[in-house]
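As structure tokens, the structure follows; a few thoughts come after it.
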Amino acid sequence: MDKFRMMFQFLQSNQESFMNGIWGIMALASAQMYSAFEFTCPCMPEYNYTYGIGLLIIPSVWFFLIGFVLSNKVSVLTEEWKRPTGERSKDPAILRYMFCSITQRSLIAPAVWVSVTLMDGKSFICAFSMTLDIDKFGNYSLLTGMSEMEKLRLLARIPCKDLFENQEVRVAASRYIKCISQACGWMFLLMMTLSAFLIRAIRPCFTQAAFLKTKYWSHYIDIERKLFDDTCKEHAKSFAKVCIHQYFENISGEMRSMHNRSSKDGSDDDDEDNKTSDEDRLLGIRAQDDMNKVLWNWHASKPALALRKEQMEGEDNGKWNGEDNGEANGFAKGHTHEVEKREWAVYYSKV
């Protein structure tokens, strides 16, 4: 159990690296899925283009949505976008930063899928075989005397080895389209790499203060949500414990007294400590309506991001106000408060 707890703490402390590993695994999974996938072109003029382009786009969109589903910041982004303004204003720059961060990671697996698909070329051959000009491959008599529909049906059979009779023309046409597909694949990889380079190179040219601000408050919103959930879990656990204890105390008082007489003093102290700790975790909220009100207020009107330091405020105000000055320093209308005395020790050394 301790090993699992240590592993969970490690993953929680290195969450960003862990999520980057998940995106890398998804990218490898997309490439492995394509290699294990059996490509079967319908070899029909009505469906070749739809099937070939669909194989290129639909899995990419699926991997992109899976990346959004696996990201834990999607719910944080949605809540921050849809929440009422209340006492805390919403910064569009933070929402844009969170959305861009999720999108960049979610694009890794689709980019790998598109690259592998274009490098393989099967979907490209299936989609664009009907646009070929057979006369370019040296066989002028293959399409003579055919209508346009018959020509399309013949060209649609190029991806299917068993349905096309002239294998030389089929191999030549397939290689021609595959070369174009691989060229598009290298162009796609070059564009993706160049875009990533430009994003990283141009970012320092803009104001770093604004970027650091949005990054900081993005992390703050994520951490605040986690801490609020943890606090709610602790409060719910303590609330349930106190309710159960009170239930048994009210229903079976005699059994409670018998249990107290038979138990040891050490166990009584432990029970009292546990009960006190549970009472402290309730934070003064001891009714269902009060808790519902707290949760509703947290959603409708989150507190402003300005922490109060009451003691320092009292001291600062006391410097400029008459009676407040006396109260802050322990003197109010001739009365003094007991102030804890501090002892100072001074050491002298002769060298």
Side-chain angles (χ1 to χ4, degrees), residues 20-67 103-140 142-143 151-202:
N20 291 332
I22 289 181
W23 309 137
I25 292 174
M26 284 184 59
L28 294 176
S30 64
Q32 187 66 24
M33 184 181 296
Y34 184 83
S35 61
F37 174 73
E38 183 179 357
F39 183 86
T40 305
C41 184
C43 293
M44 297 179 66
E46 298 84 2
Y47 304 108
N48 274 21
Y49 182 80
T50 304
Y51 183 78
I53 299 299
L55 184 66
L56 185 68
I57 296 177
I58 293 178
S60 303
V61 176
W62 180 73
F63 278 114
F64 182 73
L65 295 177
I66 288 294
T103 304
Q104 289 175 4
R105 294 179 177 179
S106 300
L107 284 174
I108 297 176
V112 173
W113 175 268
V114 173
S115 302
V116 173
T117 305
L118 291 176
M119 291 298 181
D120 186 68
K122 292 179 181 179
S123 64
F124 223 72
I125 295 173
C126 183
F128 297 100
S129 63
M130 295 179 295
T131 62
L132 287 175
D133 186 5
I134 296 296
D135 295 337
K136 293 182 178 180
F137 301 101
N139 195 332
Y140 301 100
L142 187 62
L143 298 178
K151 291 179 181 179
L152 289 177
R153 289 178 180 175
L154 182 64
L155 294 175
R157 295 175 183 174
I158 291 178
C160 300
K161 183 179 181 180
D162 301 333
L163 300 178
F164 199 86
E165 296 178 356
N166 197 329
Q167 294 298 320
E168 294 181 359
V169 175
R170 191 194 69 83
V171 172
S174 299
R175 287 185 177 181
Y176 175 75
I177 301 177
K178 189 174 182 179
C179 289
I180 298 176
S181 177
Q182 290 179 350
C184 293
W186 284 113
M187 289 297 296
F188 177 78
L189 287 176
L190 180 62
M191 290 176 58
M192 293 294 294
T193 306
L194 185 61
S195 300
F197 170 76
L198 291 177
I199 290 174
R200 287 186 172 271
I202 294 176

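Pro159 approaches Cys126 most closely through the heavy-atom pair CG-CA, 3.8 Å. Across Ser129 and Leu155, no two heavy atoms sit closer than the pair OG-O, 3.2 Å. When every heavy atom of Pro110 is checked against every heavy atom of Phe64, the shortest pair comes out as CG-N, 3.5 Å. Between Pro45 and Met130, the closest heavy-atom pair is CA-SD, 3.4 Å. In plain terms, the two heavy atoms of Lys178 and Gly121 that are nearest each other are CG-CA, 4.5 Å. The nearest pair of heavy atoms linking Gly54 to Pro59 is O-CD, 3.4 Å.
Classified by interplanar angle (parallel below 30°, tilted 30° to 60°, perpendicular above 60°), the ring pair Tyr49/Phe128 is perpendicular.
Checking side-chain atoms of Ser195 against main-chain N and O of Met191 turns up a donor-acceptor pair under 3.5 Å.
With contacts defined as side-chain heavy-atom distances shorter than 4.5 Å, the pair Met119/Leu189 qualifies. Between Val169 and Ile158 there is no side-chain heavy-atom pair separated by less than 4.5 Å. Between Ile180 and Tyr176 there is a side-chain heavy-atom pair separated by less than 4.5 Å. Counting heavy atoms from C-beta on, the side chains of Ile53 and Ser123 never come closer than 4.5 Å.
Annotation: the span from Met192 atom CE to Leu107 atom CG amounts to 6.0 Å, rounded to 0.5 Å. Here OH of Tyr51 is found 10.5 Å from SG of Cys43. Values are rounded to the nearest 0.5 Å. Taking CG of Leu194 as the start and CD1 of Ile199 as the end, the distance is 10.0 Å to the nearest 0.5 Å. Once rounded to the nearest 0.5 Å, the distance linking OG of Ser174 with CD1 of Ile125 reads 4.5 Å. Rounded to the nearest 0.5 angstrom, Lys122 NZ and Thr40 OG1 are separated by 9.0 Å.
Ile58 CD1: 12 or fewer foreign heavy atoms inside a 6.0 Å radius.
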